[in-house]
Amino acid sequence: MRIRRRRRPPEPAMIRLQLADALLERRAGGDRGAEPDAPRGARLLDEVVHDPATPFFRLPEVASVVLSRYDSVSPRDRRGRLADGTLTALRGALLAGVGLRGVEGVDPAELDGFEEALRRRMSDLASVRAMDSGADVDLERAIVLGEGDLARADAPAIARERLAQLLLLRSDQNRSAEDATAAVELLEACLPVGLRTALEPGHTLTEDEEPATTASEHDPLTSETAHTAFALAHALTQRHRLLRADADLARSRSMVTAVLRLADEAGLPTQDLRESAALVHASVPDATGIRLAGELLDGLDTPMARLARAMIDAHRDRTTPDPSARWDARSTLADQRALPDLPPLLSAMLEAELGRLAVQDEDWPTALTIFESARERFLDLYEAQALPGSREFLLGLRGGFPVLHAYALARTGRPERAVEILEEGRAVLLQEALRLDRADLGAVPDEPAERYRRAAARVRTLLARPTAGPTAGPTAGPTVLPDGGPDPDRASTPAREMDTARAELRTAVDLVRAQPGASDFLRPTGAGEAFRAARSAGGPLVHLAATPGGGYALITTDAPKPAVRFVELPDLTTKALHDRTAAFLVAHHERRGEPAAWKRALTTTLDWLGTAVVAPLLEAVGPVEHCVLVPLGALGLLPVHAARLPRGDHALDRTTFSYTPGAAAYNAAHHLASTTGQDRLLAVEDQEPDPDRRLRFTGAEIDEIIGHFTPAALRLPPPTGNREAVLAALADHQVIHLACHGAVDFEAPRRSGILLADDRLTVGDLLDAPLRARLVVLSACETALVGLDAPDEVIGLPAGFLQAGAAGVISALWAVGDQATALFVARFYREWRTEGLPPAAALRRAQRWLRDATNAELAAAFPALLAAPPGLSRRALSLWGRGRPFASPECWSAFVYVGA
C-alpha cells in the first residue's frame, strides 16, 4: 500500500511477530521439547499487539497470525486478553485508515481493501473469541460485526454461516425462537437451489428461486455444502426444541439422511460426515434421536465420536442403569477431559456428567474431585455472563449437579459443606438481587458506601430492563465507525451495558472490602446462613433433594447446638420424582376435561409424598413447632406440606410447614418481617371485564378482609386496577392482596403474572418495584408455580415479591374454586389479624379448618360467602349442614407460604 510511506515499518515488531508464529507452530507440531515455546510465543504475540510501534497497516497480518495460532495460546484467560487486545488494535487501525481518506498519495481503492481486510479480521476474531469464552458480551460483539458483514453486497457464504452459528448460540442462551428462525433462513440461503431440492423434495420454491431439472445435476453435494446442510438441520432441531415444532424435527432428520445418501453417491469421505450427522441427531435425545446417533457412531474412533458415544451412554444410564456400560462411559469421558480447547460449557457439562456417573458407582472420592472442578468451571462461566437470561441458562444446564455434589459430601461425612453447596446453587439470581438491595453498609465510610449504592442501583435498573434487543443507553454514543460499518465497542447492547455495570459493581465491592472491618462484605458465610435461618424460624431448615439412587434430607438445627443431620430417603429417586411430577402436571393441565383423573393424580401424589418424603422426615426431626422446607428440583412443584401419612393424617396436621428459596432468602425475609409494619392494605379485585369469566366471590372476599384494616385500606375494584395504578400503590402498603386471575408461563417464567384491568403484573415488573411489605396474598390460581427450565432458581411470583421487598407470600400451586379460595382467605385473615398467629401458622390453621368444616360451620363463620340453598326441608337442611364440601385435597392443599 502506498500509505506505507507515511511511516517506515519498525523491524523489531514484525520480527517478533514472525518469531512468535514460528514458536507456536513448532509447539503445535507436538514437539515435546518445545514446551516453553507456547508461553514464549504467546508473550511475543501479546507484545506485538499492544506495542504502539506496530504499524497500523500491518495489523491485518498480525490478526491473521493471532487467528491461526489462537488455539496454541493458553491458558484461556491469556488467550482472551490477546483476542481483546487485537480487536482493540484493529479498531484503532480502522479509525486511522479512515483518517487517511483524501490525503494526497493515498489510493482510495487500496484503502478500501485495507479497511475490508480489517473488518474481516475483526469479525473472524470476534467470532472465535465468542465461541471460546462462552460470554454473552463477546457473543453480542461478534453478532454486531457479523450483521455488519452481511450488510455488504459481496458478503461471502461463510459470513452467513458464521452469523447463523452465533445466532444459534444466542438462541440457546435466551430461548429465542426468533434467533433460531433467523439462523435457519441464513443457512437456507447458503445452499444452492438445486441441492435444496435434492435434500428436501417437498421444498417450495420462492419467487427468486429457479427449479433444477434433477436432484443435484447443477449443484452437486460437496463436503462444504454437506456441513452447511448439517448446520441447517441443527438449526431446525433448535427451533423444534423452542417451539415444539414437530415438522422442524422431521425435516431435520430427513435432511440428515438425504445428505448422507448424496455423499455416498458422490463418493465423498463419510467418516467426518457421519460424526456430524450423529451430533445433529443426538441434539434431540428422544428414543429415535439416540438410536440414529448410535448407529452412525458405530465404528467411528475419532475423539469427538468417542465423546459423543460416551455422552449417549451416560444419557441412557439415567433411565436404564447398566454398570458395565457406565464404566465404559466413565473411562471414555475421563479420557476426553484431556482434549485441548473444548468449549468451556461443554467441558463443564462433561465433568459434571462424569461426576454423576461416579455417584452412581458410589465412587465418592472421584465424584468429589470432579464435582469441585466442574463447580469452578461453572462459576467462572457464570461470572463471565452479563445478562440475567444468560446466567439463568447456565444455571438451568447446571441443573441437579449441586444436588449430587452435596450428596457425595454428605455420604462422606461432611453435611455442613453439603448445605453450603446446595445454598450456593439454589436461587442464585434471587440471592444476588437480595445482596444488591440489602447490603449492610452501616459501618462503611460514606464515600465507598455511596459508590457501592450507585453501582448497585445501576445493576438493579438494568436487571429490570427488558433485554430483547440492542438498547441505546444515555451514554451510548455512535454505533458505527466513520466508514459506515458497525462499531462493536460503541454499540450499546444489553450485554455490554450490563458487563460495564457489573465491572463497576465489582470495583465498588472491592473498595468497601478494603475498609477496616469490612473484609467479609457480601462474602458467602458458609453454613452460617442456614444456622441463622433455623434459629429465626424456631425449627429446622430442611433441604430436600432426589438423586438417581434415592433422595436425602439435610436437616439444619440451631438448638441445642448448631448441627446438620443427613437423612437418606430411599424412595425419593430422580425417576420416581420425575414420573410423579409429570403425571401430576399433565393431570392438572387436563383437569377441566378429566376432573376425576386430576383428583386421582393428586391423591396418588400426596400418598407418595407421605411415604417417600414426609414420614421419614418427621421421624427424623421429631416434634417441632415449625419446619422450613427448601425443596430442590421438581419437588418445588408439589404440595409437600399436604402429604398424606401412613396413618391417614396429613403433614400439616403434625406441624407448620413453610417454604423458602434458600437460607439467605429466609434470613432477608425474617429481617424485613421484624422491621416492617402490617397495617396498610392494598386490595385489588378481579378486573376481568367478561362477566362469565369474572371470579364471583372476590368482592365478598375483600369485604370480609378489609374490616381488619379499616380505615388504612385502598381498594381497587374493576376497572380501576390497571397495571400503572397497582405498581404506583405497592410502595405505600404493607399488606398486598391480589384477588385476580393468575397466568403462569413455564418456559418464560418472568412473564408469569397477575391479570389486571389492562395488562398483567409480571415477575419482570417486580424486579424494580418499590415495595416493603409484610405480606403478599396472591388469591389467584397457579401463582406458586416456577419455571421448569431452571426450577432451582424458583423464578415465579413468590420469589419475585420476595426480591421486590416482601417478607412473606401466600400463593397457590393450582387453580382452586373461587368460593373455596374466598373462605380460606377470610379464615386466614381472621387467624392472623384477630387471633394473632404468625402468617405461616395462620395459613395452616385456615387450611385445616376449610378441610374439616361442615356447611353449617362455614355458613355460620362467613354467611356472605356461603348460605344454604333456599327451599330445603328441615331434614334436607340438616343433611346439608353436616356435609363437608371442601374436604377433598384439591380444595385446601394448594396454598403455600413462602418467606418468613
Side-chain angles (χ1 to χ4, degrees), residues 392 426-434 437 533 537 541 544 628-642 657-670 672-673 676 684 730 735-746 748-754 760-767 769 771-788 790-816 821 824-825 828 839-840 842-844 847 893-900:
E392 184 183 328
R426 172 78 172 172
V428 178
L429 297 174
L430 174 60
Q431 289 189 56
E432 178 184 314
L434 292 175
D437 289 338
L541 176 79
L544 294 169
V628 182
L629 300 178
V630 185
L632 289 110
L635 270 175
L637 300 168
L638 303 179
V640 179
H641 63 285
F657 287 94
S658 63
Y659 297 84
T660 180
Y666 186 87
N667 291 329
H670 183 267
L672 191 62
T676 302
V684 183
L730 287 178
V735 179
I736 315 297
H737 186 93
L738 303 174
C740 312
H741 283 286
V744 62
D745 191 328
F746 282 119
R750 293 178 192 277
R751 293 203 294 265
S752 295
I754 298 291
R760 69 172 63 174
L761 177 70
T762 67
V763 174
D765 293 329
L766 299 175
L767 299 183
L771 183 66
R772 188 177 179 87
R774 174 62 187 93
L775 183 65
V776 174
V777 179
L778 303 176
S779 181
C781 58
E782 300 177 347
T783 46
L785 293 176
V786 300
L788 297 181
D792 282 330
E793 282 306 292
V794 290
I795 298 172
L797 285 166
F801 273 106
L802 290 181
Q803 178 174 332
V809 182
I810 292 176
S811 52
L813 286 166
W814 58 80
V816 180
T821 299
F824 159 75
V825 165
F828 163 77
L843 179 140
R844 174 201 181 201
Q847 286 180 303
S893 63
F895 304 102
V896 297
Y897 187 84
V898 181

T821 OG1 to F828 CZ distance, which is reported to the nearest 0.5 Å: 14.0 Å
Atom pair OG1/CG of T660 and N667 - distance to nearest 0.5 Å: 8.0 Å
Please report the interatomic distance CG(L766) to CG(L802), rounded to the nearest 0.5 Å. 10.5 Å
Shortest non-hydrogen contact from S893 toward P639: O-CB, 4.0 Å
Under 4.5 Å between any side-chain heavy atoms of Y666 and V628, yes or no? yes
Looking only at heavy atoms, which two atoms of S811 and P798 are closest? And how far apart? OG-CG, 3.5 Å
CZ (R760) and NE2 (H741) are apart, to the nearest 0.5 Å, by 12.5 Å
Should C740 and V684 count as side-chain neighbours, where that means a heavy-atom distance under 4.5 Å? yes
If you measure from CD1 on I810 to CG on L843, what distance do you get to the nearest 0.5 Å? 5.0 Å
In short, V776 meets A806 closest at the heavy-atom pair CG2-CB, 3.8 Å
Check L771 against L730 and note the closest heavy-atom contact, atom names and distance. CD1-O, 3.5 Å
What residues form a ring pair (Phe, Tyr, Trp, His ring centres under 6.0 Å) with F895, not counting sequence neighbours? F824
For H641 and Y659, I'd like to know if the aromatic rings sit close, meaning centre-to-centre distance below 6.0 Å. yes
Report yes or no: does R426 contribute a side-chain atom to a donor-acceptor pair with the main-chain N or O of P661 at less than 3.5 Å? yes
All heavy atoms of A894 vs all of W814, minimum pair found to be CB-CE2, 3.3 Å
When rounded to the nearest 0.5 Å, the distance separating CD1 of I736 from CD1 of I754 is 12.5 Å
Contact between L629 and L544 at the side-chain level, heavy atoms closer than 4.5 Å - yes or no? yes
Kindly give the heavy-atom pair with the smallest separation between V763 and L797, and that separation in Å. CG2-N, 3.7 Å
